[in-house]
Each structure stands twice: as structure tokens, then as C-alpha cells.
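Keep in mind that the numbers below use all heavy atoms, side chains included, and drop hydrogens, waters and symmetry copies. Here the structure is a predicted model, which means the values were calculated and not measured.
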Amino acid sequence: MKRSFPLLIGVAAVLVAVDQWTKHWATAHLAFAPSRHVIGDLVQLTYTRNSGIAFGLLADLHAPLWAFSALASVIVLVLFARHPVL
């Protein structure tokens, strides 16, 4: 299988677009409203905001959190370029 940087970038772009769309949808439909039950009490959607990174980590850190995303992106690209496909 040949490596494809355009495919990698394309998949990443689609994931970012879906992520941004779901955030927009949640803000438009769930903010300032009670939780929505999807499957009884088993699955429900509740609007919350996270000022940190995953799971609220570093929420109190006053640093540009986008730097962590940029660093992670560089690491993924380096690993993609250096390691063979399994």
C-alpha cells in the first residue's frame, strides 16, 4: 500500500469539518436546554463547555492550547512519513 499524504490530509480535513459541525449543532440545539434523551435514560445529550483539552485537562492553564494540537499534528506527520505501513 502506497502512502498518500493528500489522503491523510483529506481524512483529517473531513474529521475537523465533522467536529466543527457537531459543535455548531450542539450549540444551536442543546445550549440552555434540558438534556435530550436519545435512548431512554441510557443515552442522553447534555450541553457542556470544555475550556481545556481532552477531558478538561489543562483547563486552568493560561497558554495557547492550539499549540498542543499543532505539536500533535507534527508528530503524526513525522510518524506517518518515517514508519512503514504494517
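In this structure Phe32 satisfies the ring-ring contact (aromatic ring centres under 6.0 Å, His included) test with no other residue, sequence neighbours excluded. Contacts of Ser35 classified as side-chain contact (heavy atoms from CB on, under 4.5 Å), with partners at least two apart in sequence or in another chain: Gln44, Thr46. Checked against ring-ring contact (aromatic ring centres under 6.0 Å, His included), Tyr47 has no partners two or more places apart in sequence or in another chain. Under the salt bridge (Lys or Arg N to Asp or Glu O under 4.0 Å) criterion, Asp41 pairs with no residue, sequence neighbours left out. By the side-chain contact (heavy atoms from CB on, under 4.5 Å) test, Leu79 pairs with Ile75, His83, sequence neighbours left out. Residues passing the ring-ring contact (aromatic ring centres under 6.0 Å, His included) test with His37: none are found, sequence neighbours excluded.
The CZ atom of Phe5 sits 11.5 Å away from the CG atom of Leu7 when rounded to the nearest 0.5 Å. Between Ile9 atom CD1 and Phe80 atom CZ the span is 8.5 Å, to the nearest 0.5 Å.
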Atom pairs and distances, side-chain donor-acceptor, residues 15-22, under 3.5 Å, sequence neighbours left out:
{"unit_1": "Asp19", "atom_1": "OD2", "unit_2": "Lys23", "atom_2": "NZ", "d": "3.1"}
{"unit_1": "Thr22", "atom_1": "OG1", "unit_2": "Val18", "atom_2": "O", "d": "3.2"}
{"unit_1": "Thr22", "atom_1": "OG1", "unit_2": "Asp19", "atom_2": "O", "d": "2.8"}

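Other residues sharing the hydrophobic cluster of Val78, ordered by chain and number and joined by side-chain separations under 4.5 Å: Val74. Trp66 forms part of no hydrophobic cluster, judged by ILVMFWY side-chain heavy-atom separations under 4.5 Å.
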